[in-house]
Amino acid sequence: MSALVDEDLRLIWHPAAQMKDYELHPPVAVVAGAGCWLRTEDGKKILDVVSSWWCNLLGHCNAEITEALCDQARTLEHVIFADLTHPWAVRLAQELSLIVPKGLCRFNFADNGSSAVEMCLKLAFQYQAQTGHPERIRFACLTEGYHGETIGALSVGSMDLYARLYRPMMMDNVHLKAPDCFRCPCGKKRGQCHCECLKFAEQAFAEHGGELAALIVEPLLQGAAGMRVYPEEYLRGLRKLCTQHGVLLIADEIATGFGRTGEIFACVKAGVSPDLMALSKAITGGYMPMSVVCATQEVYDAFYADYKEGKAFVHSHTYAGNPLACSCALAVLKILKRDHIIEKARKTASWLTAEFEKRFLKIENVGEVRHIGLIHAIELVKDRRSKEPFDPSLRLGYRIYRRALSEGLLLRCIGDVLYFNPPLVISQKELEFAQDVTERCVRAELEKL
Ligand code: PMP
């Protein structure tokens, strides 16, 4: 392949390409991947500790998934998924039914995270309408939540960065004040509370419970908010509130699913069964875009009727149930189970937590180290005691991220939160390299202030 020149790169509407300092940071062209490593066009190696936006699970170009994909491509690449079906989707539904939280037993397919969220919202809305509650037309969600970028998904997100401009296009939802264990709104400390912050949800449910079709949450981890980890007890509290008020609970496990939190699903870890659950990202090991919505029998039954009644869920995406994606997902589930990947990742995670704390808490400007599963984050602050943040215009997190990238490490920042969310198969040696680079870059950029 001929080398990409600047003109080629500018063909793509990449966010950075719209910024005037683009010349300083043109995108890095990646031409190959193996394990946790990427190779750039100019022959450099980059360690990918963000799983290429949290979707790669078992390493890049994993031989077994690649083989499953190639075999499938030679057998059946795609088929319309209405009236017709195929064994790979059926087998995947069977396999999923064995691992999803109790009660989830019906599976619907889409092709990315946002469209799975849209599907959950429509299903909840229609469920309420068809079970005698047409007045339940609003959704509740957590502040700082993120569920994707389509209009419905943006509406149940609360992150201004993505949503601000589009507010006039959005649904009017109820935004519950989310837990924030680093800067607790109730003045408590992480791990030393009784989820007093649940009172905000209780108040909102008392006021709006009767209008709500569903509550949607990212279970245990608000990822895009800055890897905010919150207690299992809080999630259980939300489940209870939903049940009391006749509101469906939608678990968005798009980021947390398939071992990211140390359990197969965050809901399983918390012992919570949602009414609807959205899966995507790691489901295919990061190979193919696919999403699945899981539902309970009770939800499913509300759609089951004679044709004349028109109760069916009339919703389809062209690539729903794509056989290539299903085969990748089947290979992923097989490897996860056979090779005890999640158990092994749990061990790596407890080692990493100790290392992270030892190394990063020594740095005065690290306000907190937080973690769940292999996901580890540090939040940089101007003052550790007051937790005062740095002036955002310094773009400290971004500068550290760029420096790390130039030193062969792909981590990511969300403001001044730097995080790792690596493939589950990453080794201690690779994580040592990642921490060395991170520490060096953090110290270097702090010194420049
Ligand atoms: N929900 C969550 C929790 C996510 O993290 C994401 C993607 N980061 C989405 C939904 C949207 O998924 P997609 O980008 O595939 O539309």
Side-chain angles (χ1 to χ4, degrees), residues 14-15 48 50-57 108-124 139-159 161-163 166 170 173 175 178-179 214-230 235 238 249-261 265-267 269-270 272 274 276-294 317-320 322 325 328-329 372-375 377 410-415 417 419-422:
H14 191 276
D48 177 4
V50 289
S51 302
S52 282
W53 249 331
W54 320 348
C55 63
N56 188 290
L57 200 67
N108 207 331
F109 289 81
D111 47 22
N112 64 73
S114 304
S115 51
V117 168
E118 299 286 344
M119 200 194 279
C120 287
L121 300 177
K122 285 176 67 182
L123 281 168
F139 293 91
C141 54
L142 296 183
T143 55
E144 304 301 314
Y146 179 88
H147 299 284
E149 312 257 348
T150 52
I151 297 301
L154 272 183
S155 298
V156 286
S158 308
M159 298 193 63
L161 170 67
Y162 307 108
Y166 310 104
M170 290 184 193
N173 295 319
H175 297 255
L215 162 68
I216 182 165
V217 290
E218 294 161 88
L220 303 187
L221 174 77
Q222 289 193 291
M227 294 299 168
R228 288 196 192 181
V229 183
Y230 65 82
L235 187 63
L238 292 182
L249 177 64
I250 303 171
D252 174 352
E253 291 250 16
I254 290 163
T256 47
F258 303 96
R260 294 290 186 202
T261 66
F265 299 111
C267 284
K269 193 177 172 99
V272 163
L276 290 162
M277 183 164 92
L279 304 174
S280 189
K281 288 197 187 274
I283 190 169
T284 65
Y287 266 65
M288 298 288 296
M290 180 165 84
S291 56
V292 174
V293 168
C294 319
H317 290 288
T318 306
Y319 281 98
N322 176 256
C328 291
I372 187 165
L374 268 176
I375 299 169
L410 177 63
L411 51 71
R412 286 232 21 127
C413 65
I414 300 168
V417 175
Y419 70 85
F420 295 1
N421 183 1

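Whatever order the structure lists ligands and atoms in, that order sets their numbers, starting from 1. Residues take their numbers from the sequence shown, with the count starting at 1.
- Within the 3.5 Å criterion, the main-chain N or O of Arg228 finds no donor-acceptor partner in the side chain of Gln222.
- Looking from atom 6 (C) of ligand 1 to the surrounding protein, the closest heavy atom is Tyr146 CE2, 3.5 Å.
- Of the protein's non-hydrogen atoms, the one nearest atom 15 (O) of ligand 1 is Gly113 N, 2.8 Å.
- Counting only distance, with no hydrogens or angles, the side chain of Ser51 and the backbone of Pro422 share a donor-acceptor pair below 3.5 Å.
- Considering all non-hydrogen atoms of both residues, Ala282 and Leu57 come closest at CB-CD1, 3.7 Å.
- In this structure, the ring of Phe258 has its center less than 6.0 angstrom from the ring center of Phe265.
- Here's the thing with Ser280: none of its N/O atoms is less than 3.5 angstrom from an N/O atom of ligand 1.
- Counting all heavy atoms, side chain and backbone alike, Ile151 lies closest to Met170 at O-CG, 4.3 Å.
- Among all non-hydrogen protein atoms, the one lying nearest atom 8 (N) of ligand 1 is Lys281 NZ, 3.0 Å.
- Considering only non-hydrogen protein atoms, atom 2 (C) of ligand 1 sits nearest to Asp252 OD2, 3.4 Å.
- Judged by distance alone, the side chain of Lys269 and the main-chain N or O of Thr261 form a donor-acceptor pair under 3.5 Å.
- With ligand atoms numbered from 1 in the order given, ligand 1 contributes 11 (C), 12 (O), 13 (P), 16 (O) to contacts under 4.0 Å with heavy atoms of Ser114.
- A donor-acceptor pair under 3.5 Å is absent between the side-chain atoms of Ser291 and the main chain of Ser280, judged by distance alone.
- Atom numbering of ligand 1 starts at 1 in the shown order; those under 4.0 Å from a heavy atom of Asn112 are 15 (O), 16 (O).
- Cation-pi geometry between Arg412 and Trp54 is not met: the NZ or CZ atom fails to fall both under 6.0 Å from the ring centre and inside 45° of the normal.
- The residue from Glu149, His147, Glu253 that puts a heavy atom closest to atom 10 (C) of ligand 1 is His147.
- The shortest separation from a heavy atom of Trp53 to ligand 1 is not under 4.0 Å, leaving the residue out of contact.
- Interface atoms of ligand 1 facing Glu218, defined by a heavy-atom separation under 4.0 Å, are 3 (C).
- Atom numbering of ligand 1 starts at 1 in the shown order; those under 4.0 Å from a heavy atom of Ala255 are 5 (O).
- Atoms of ligand 1 lying under 4.0 Å from at least one heavy atom of Trp54, given by number and element, are 5 (O).
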